[in-house]
Amino acid sequence: MSILPQEELVKKWESEQASLRQQVVEEDTEDWQRCPDFTGLERVGGVDLSFIKGDDVNACAQLVVLSYPDLELLYEDSQMVTLTAPYISGFLAFRETPYLLEALQRLETTQPSLLPQVVLVDGNGLFHYREFGLACHLGVLSGLPCIGVAKNLLQVQGVEKNEKHQSQIASLQKGGESFPLTSDSGKVLGKALRSSDSSTKPVYVSVGHKISLDTALRLTHSCCRYRVPEPIRQCWEVDTS
DNA sequence: GCGACAG
DNA sequence: ATCTTGTCGC
């Protein structure tokens with residue numbers, strides 16, 4: 001096995017993203033997504049990779065499935081994994097997707113009736129340098145509707161963390177309010193969402209796959225008890241033993 | 001040289 | 001991602 005220089009690896013990954021990008025579906029595809037109260041939605045998933053100390057090679061891949069709308073734990077899976085790909089901003093999916101997919105496949109094999117109808121992903125979807133972040137990548141490869149929820153702003157396509165952005169954040173009065181993240185070409189790539197009344201710092205929501213931005217935003221908000229939506233937050237509370 | 005850098 | 005407790009305030 002030869003190891004590619006990072007520059008070559010990035011080129012290879014860029015072309016893979018460009019290819020998979022074409023498969024992203026940016027609209028609602030499920031009946032429950034059209035209902036004002038999400039009637040028909042019963043299971044919401046969340047995925048995350050967590051690390052320890054200064055170890056950036058060994059991680060814990062976690063998947064939870066919560067009931068909707070009660071957000072009670074229906075299923076949890078936690079698996080120690082050894083990462084092979086480096087972390088490079090813009091290419092997070094190549095590092096994490098394989099293990100998140102494995103977790104979904106374990107669930108599909110053992111308890112298919114518990115498969116989530118939508119997955120909230122820790123990271124961006126279309127709000128990405130090439131409009132193909134982790135949530136899109138996992139969505140396309142799994143075929144499941146996915147939503148990207150990032151906790152920090154990625155400065156992409158002209159969206160900057162400047163004075164204007166700060167004042168837009170300050171203008172969000174209560175949970176559920178949002179403002180668009182618009183690229184220089186005029187496309188709304190995602191939205192900054194004040195996820196709860198008690199949190200000032202927004203989360204950044206974008207389309208992953210098989211869902212519209214408005215639906216993604218509404219669902220994300222309805223999954224928030226605190227700043228980070230429950231499906232992702234409850235990953236942090238999964239038993240690692 | 002300085003800033004940016006999802007997780 | 002993680003290193004890191006308490007503390008002040010609502």
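A, B, ... follow the sequence lines: proteins, then strands. Residue 1 opens every chain. Predicted model only: the values in this text are computed from it and were never measured.
Atom CZ in F132(A) sits about 15 Å away from atom C1' in dA6(B), given to the nearest Å. Between the CG atom of N58(A) and the P atom of dG7(B) there is a distance of 21 Å, rounded to whole Å. At whole-Å resolution of the value, CD in Q155(A) and P in dC5(B) are 4 Å apart. To the nearest angstrom, C1' of dA6(B) lies 8 Å from NZ of K151(A). Atom NZ in K174(A) sits about 20 Å away from atom C1' in dC10(C), given to the nearest Å. Put simply, CZ on F127(A) is 15 Å from C1' on dG7(B), counting in whole angstrom units. Straight-line distance from the CD1 atom of I232(A) to the P atom of dA1(C): 11 Å, rounded to whole Å. Here dG7(B) presents its C1' atom at 16 Å from CG of L120(A), a figure rounded to the nearest Å.
Residue contacts for F91(A): at a heavy-atom cut-off of 4.0 Å it reaches a base atom on one of the strands shown. Within the 4.0 angstrom heavy-atom criterion, base atoms lie near G90(A). Among the heavy atoms of the strands lying under 4.0 Å from N124(A) is at least one base atom, whether or not backbone atoms are also near. Backbone-only contact: D48(A) has heavy atoms under 4.0 Å from sugar-phosphate atoms and none from a base. Counting non-hydrogen atoms under 4.0 angstrom, L154(A) reaches the backbone sugars and phosphates but no base.
Dashed line: the shortest gap from a side-chain N or O of N152(A) to OP1 or OP2 of dG7(B) is under 4.0 Å. OP1 and OP2 of dC5(B) both lie 4.0 Å or more from every side-chain N or O belonging to Y87(A).
Rounded to whole Å, the separation between the C1' atoms of dT2(C) and dC5(B) comes to 16 Å. Taking the C1' atoms as reference points, dG1(B) lies 38 Å from dG6(C), given to the whole Å.
Aromatic ring orientation, H137(A) versus F132(A): tilted (interplanar angle from 30° to 60°).
When the side chains of ILVMFWY residues are joined at heavy-atom separations under 4.5 Å, either directly or via intervening members, V149(A) and V159(A) end up in two distinct hydrophobic clusters. L92(A) and I147(A) fall within a single hydrophobic cluster, where Ile, Leu, Val, Met, Phe, Trp and Tyr side chains are chained together by heavy-atom contacts under 4.5 Å.
Classification of E131(A) and K187(A) as a salt-bridged pair holds, one side-chain N sitting under 4.0 Å from a carboxylate O.
No side-chain N or O of D214(A) forms a donor-acceptor pair with one of S212(A) less than 3.5 Å apart.
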